[in-house]
Amino acid sequence: MEQTVYSRHIDNEKEHWWFAARREIIYSTLKNFNSKNNQMKILDFGSGSGTNIKMLCQFGKVDVFETNSKMRDYLKKKFKRKKNVTILNSIKKNSYDLILAADVIEHIKNDKKVLKEFFSYLKKGGVILITVPAFEFLFSSKDRVLKHFRRYRKSSLTKLVKKNFLIKKISYFNFFLFFPIAFSILYLKLKNSKFINFAESTPNYFINLLLKKIFSAEKYFLRNINFPFGISLLLVAKKND
């Protein structure tokens, strides 16, 4: 991603409704699949601005891998006093109980290759949690600025993962806000508008709080059901041994 994108994420990831609600949904999902009594060895792959690191620390020791050198330096300074957080330059194989790749693999041209790498990084019985943007018809100028190669359907993400992993859960999410967001994206696409600054800037307090409450409420439903559509996809899968 461009450095301006990282800077915008640093400024907004703590309070912005999308980052905050996604963090709550990931946390709730991990609670359901945590069998290590919060003693997991975790890899936050493609951490970006580090929005999920503090949350992941509640489940164990966190190694962080980020390819952008400026962001690596930023994360080293930000988490230098966190003894259970390590910023990596390389990744050891067969080391992790959990890999989180939150909106990462859409940035990688060869997504099949990175799934094989995830398999090699995990211990026996290890788990991956992946989130990705959904539906190619929603691909817009925002995706281009973020350097996305694609968006996914449930079927395409399943096909990508199932060769090496046993899928435990796959669901669309950001379901409740799907229609207003989707219609907004399609309208802005027709106008050929560049809207990433607006989309990734935190709105005023009350609108931000409302959107966060609506989006984060999905964590209660995702414990028991899978949504039929949404702006994003969430997948949990176990390493096939």
Side-chain angles (χ1 to χ4, degrees), residues 19 22-48 50-67 84-88 90-134 148-174 218-219 222-223 226-227 230 232-241:
F19 287 107
R22 185 188 64 166
R23 204 157 43 234
E24 290 187 21
I25 289 168
I26 292 171
Y27 175 82
S28 177
T29 304
L30 288 177
K31 289 285 284 186
N32 277 357
F33 290 94
N34 175 24
S35 60
K36 293 274 187 175
N37 195 27
N38 297 343
Q39 296 298 315
M40 288 192 287
K41 182 75 179 293
I42 302 163
L43 176 64
D44 187 5
F45 186 91
S47 180
T51 182
N52 296 306
I53 294 173
K54 288 183 180 178
M55 176 271 292
L56 289 172
C57 285
Q58 298 177 68
F59 296 98
K61 186 180 184 302
V62 182
D63 285 354
V64 177
F65 183 75
E66 171 54 51
T67 57
N84 61 337
V85 175
T86 303
I87 313 302
L88 303 177
S90 60
I91 307 170
K92 291 182 179 179
K93 294 183 178 181
N94 303 308
S95 298
Y96 298 99
D97 302 299
L98 168 71
I99 296 174
L100 173 66
D103 289 79
V104 171
I105 66 171
E106 67 274 14
H107 296 273
I108 298 171
K109 188 172 184 178
N110 191 340
D111 53 358
K112 292 179 182 178
K113 181 180 178 182
V114 79
L115 262 293
K116 290 180 181 178
E117 291 174 354
F118 289 167
F119 182 88
S120 72
Y121 300 152
L122 286 170
K123 298 177 184 177
K124 183 178 181 180
V127 170
I128 55 170
L129 193 158
I130 293 172
T131 64
V132 290
H148 292 175
F149 284 97
R150 69 197 75 81
R151 298 175 74 97
Y152 291 84
R153 287 183 174 270
K154 185 177 179 179
S155 57
S156 61
L157 187 59
T158 297
K159 183 179 179 181
L160 178 68
V161 172
K162 70 178 183 179
K163 184 175 181 180
N164 295 311
F165 295 89
L166 175 64
I167 295 174
K168 308 294 286 186
K169 182 177 184 66
I170 182 166
S171 175
Y172 291 100
F173 70 117
N174 210 344
E218 295 183 10
K219 65 188 178 187
L222 285 165
R223 292 172 186 172
N226 297 322
F227 290 117
S232 298
L233 271 160
L234 179 147
L235 175 142
V236 180
K238 185 177 179 181
K239 180 176 179 178
N240 269 337
D241 296 310

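Quick caveat: nothing in here was measured; it's all calculated off a predicted structure.
The line from OH of Tyr96 to NZ of Lys61 is 7.0 Å long, rounded to the nearest 0.5 Å. The structure places CD1 of Ile42 at 12.0 Å from OG1 of Thr86, a figure rounded to the nearest 0.5 Å. A distance of 7.5 Å separates OG of Ser156 from CG of Leu233, quoted to the nearest 0.5 Å. For the atom pair CD1 of Ile26 and CG of Leu100, the computed distance is 5.0 Å after rounding to the nearest 0.5 Å.
Using a 4.5 Å heavy-atom cutoff, the side chains of Ile128 and Leu115 are in contact. Within the 4.5 Å cutoff, the side chain of Leu160 has heavy atoms near those of the Lys112 side chain.
Look at Arg22 and Asp103 and you find a salt bridge, because one of the NZ, NE, NH1 or NH2 atoms lies within 4.0 Å of a carboxylate O, short of that distance.
Between the side chain of Ser28 and the backbone N or O of Glu24 there is no donor-acceptor pair closer than 3.5 Å. Between the side chain of Asp97 and the main chain of Lys41, a donor-acceptor pair closer than 3.5 Å is present.
There is a side-chain donor-acceptor pair under 3.5 Å between Asn226 and Lys169.
Counting non-hydrogen atoms of neighbouring residues, nucleotides and ligands closer than 6.0 angstrom, the NZ atom of Lys54 reaches no more than 12 such neighbours.
Between Phe59 and Tyr27, the distance from one ring center to the other falls under 6.0 angstrom.
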